Amino acid sequence: MHAGYLRGSMAPRVHDSLTDATIPMPRRTPGERSIYVCGPTVYGYIHVGNARPPVVFDVLVRHLEAQGDRVTYARNYTDVDDKIIAVALEGGEDPRAVAERFIVAYQEDLAALGCRPPAIEPRVSTTIPGIVAIVEKLIAKGHAYVTEEGDVYYDVATFADYGKLSKRKLEVQKAEYGRGKSGETKRNEQDFALWKSAKPHEPAGARWPSPWGDGRPGWHIECSAMSHEHLGDTFDVHGGGMDLKFPHHENEIAQSEAAYGPPMAGAWMHNGFIEMDIEKNAAFSPEVLAVLHADPELRKISKSDRPKLEALRARKDALTAEERALEQIYARKVRFAEWFQLRRLRARIDGEAIRYWILGTHYRSPLAFDLAETPDGEVRFPALEQAEKKVEYFYDTRQKLAAKLATAKASGKKRGDVAAELVHAFDASLDDDLNTAGALDPVNRLFARANELCDAKKPEKEELDAVLAAVTHVTRILGVAEADAEAFFARVTARRIDARGLDRSAIDALVTERTDARARKDFARADEVRADLVAKGIELRDGPTGTTWRAI
Ligand SMILES: [Zn+2]
């Protein structure tokens with residue numbers, strides 16, 4: 001692929017939450033981009049919704065890099081937090097060991113989803129000096145104050161722009177909080193902690209010395225300190241889930257801009273949620289639906305669903321009709337919560353397929369997590385299973401293209417206009433506020449064209465080359481079907497035969513038996529063995545070097 005070929009992308013635009021407008025992606029330095037995305041609090045396995053920002057921003061980084069930009073991408077780990085301390089206390093573990101364990105788990109989960117690690121992955125535990133420095137600066141400038149207990153709070157009333165991101169006026173917030181409810185040591189209820197003094201029961205791994213006594217940082221200050229340490233007073237794009245707009249990002253702005261002056265970020269990008277719709281694909285009776293529709297709160301998935309379900313089941317024979325309906329609703333919510341854990345879902349759906357499914361919806365739109373239950377209790381994932389079939393089709397097509405290219409003849413003519421147009425449309429969609437959903441349309445047309453060429457008797461090598469280059473471009477930026485096809489099929493096959501309780505060596509033996517039968521021209525036996533394998537969901541591929549198989 002020569003450099004002049006891919007000219008689809010020129011000027012990416014993004015939706016900026018601060019101005020609520022789609023603007024040219026800001027940058028301070030030509031040829032460079034700086035991006036900060038809020039990362040996870042590492043106290044447990046992540047759910048599918050947590051995977052959306054890393055996938056979305058991974059595609060953004062790949063897209064910018066394909067244009068020749070040098071991207072500095074930072075995503076933090078919140079490895080100091082009340083929830084981590086709670087898990088540590090419960091298990092008698094060191095809080096840092098808890099955090100370390102779930103950082104490794106997070107990295108494994110995201111690697112399975114094709115996310116490349118950001119260049120910079122700062123942690124709170126290693127940023128304490130930087131955090132103390134910004135807190136000192138805010139105190140010196142009159143934006144923060146120290147209480148008798150050794151806590152430090154940000155004085156929200158000192159920052160005139162407070163509320164500019166979330167569009168919440170301070171007066172309104174005061175009214176919401178109510179009068180006279182201020183914490184005893186806080187000046188205003190809206191003031192938030194920059195530094196929390198250590199409590200006696202908190203373990204050693206969760207406290208650090210500071211000018212205000214032993215303690216640990218509040219949540220919001222870490223991102224101001226880490227982004228400053230790695231990206232400077234101001235950087236190009238700040239990203240995260242829309243739930244972080246308030247208070248987290250509002251507070252980051254108040255801290256960073258009060259401490260350093262310039263706007264913290266040139267643009268703020270917020271992704272929408274992945275939602276669980278328990279009604280979709282549910283086999284609820286009209287009676288159950290009536291109960292569900294009567295109370296909107298019932299749709300929300302919560303930690304109390306399981307205890308409520310168990311309580312109902314404990315009284316199994318004495319349930320009213322309404323309680324029987326509730327039992328079904330809670331059972332379904334518990335199912336959703338179980339499968340929403342990314343690690344669990346990955347046991348059923350390949351990570352690349354989960355990624356493709358996420359990219360099928362624009363990052364700012366809500367995305368519905370889908371789950372169906374068969375009458376015999378089997379859980380299926382219609383949309384995700386479809387996404388997995390699509391990824392298989394992409395890999396299959398790449399293999400076919402490579403095989404076809406090996407024998408294709410050059411015509412000497414220049415070909416590749418169709419491929420170039422599709423790449424242009426793909427890049428243009430991504431330039432348009434990272435419209436991955438729109439970009440999949442040219443991708444699908446490109447793969448359709450690739451299959452046409454592979455099925456043609458004598459396709460020209462020039463066009464095959466152009467299509468393969470375009471396929472390589474789009475799969476690299478999407479981060480889907482970009483890896484080794486055989487490794488993908490081996491992984492998916494291993495998972496499927498395991499799930500069906502099949503034994504690899506038994507399948508190998510049947511394949512050999514069929515090959516032997518064919519060799520001695522016992523075609524009846526060969527067909528019989530083949531039918532047996534097909535019934536097990538095994539697809540045979542006869543090639544010049546023998547027969548291979550896959551689970552489908
Ligand atoms: Zn943050």
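Counting starts at 1 for both ligands and their atoms, in listed order. It should be emphasised that the depicted structure is a prediction, and the values quoted were computed from it without experimental measurement.
- Taking the centre and axis of the six-membered ring of Tyr145, the NZ or CZ atom of Arg187 falls inside the cone set by 45° and 6.0 Å.
- Salt bridge status for Glu352 with Arg355: absent, with no side-chain N to carboxylate O gap under 4.0 Å.
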Practice task
May I have the step-by-step check of side chain to side chain contact (heavy atoms under 4.5 Å, CB included) for Ile301 and Ile278, ending in yes or no?
Solution key: CA-CA 9 Å; Ile301 313 269; Ile278 61 163; 3.8 Å; yes
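- The count of protein N, O or S atoms under 2.8 Å from the Zn ion (ligand 1) stands at 4, with waters excluded from the count.
- The ring-ring contact (aromatic ring centres under 6.0 Å, His included) check on Trp208 picks up nothing, with sequence neighbours excluded.
- Salt bridge absent: Asp20 and Lys167 never bring a charged side-chain N and a carboxylate O closer than 4.0 Å.
- Aromatic rings of Phe381 and Trp339 (six-membered ring for Trp) have centroids within the 6.0 Å cut-off, being under it.
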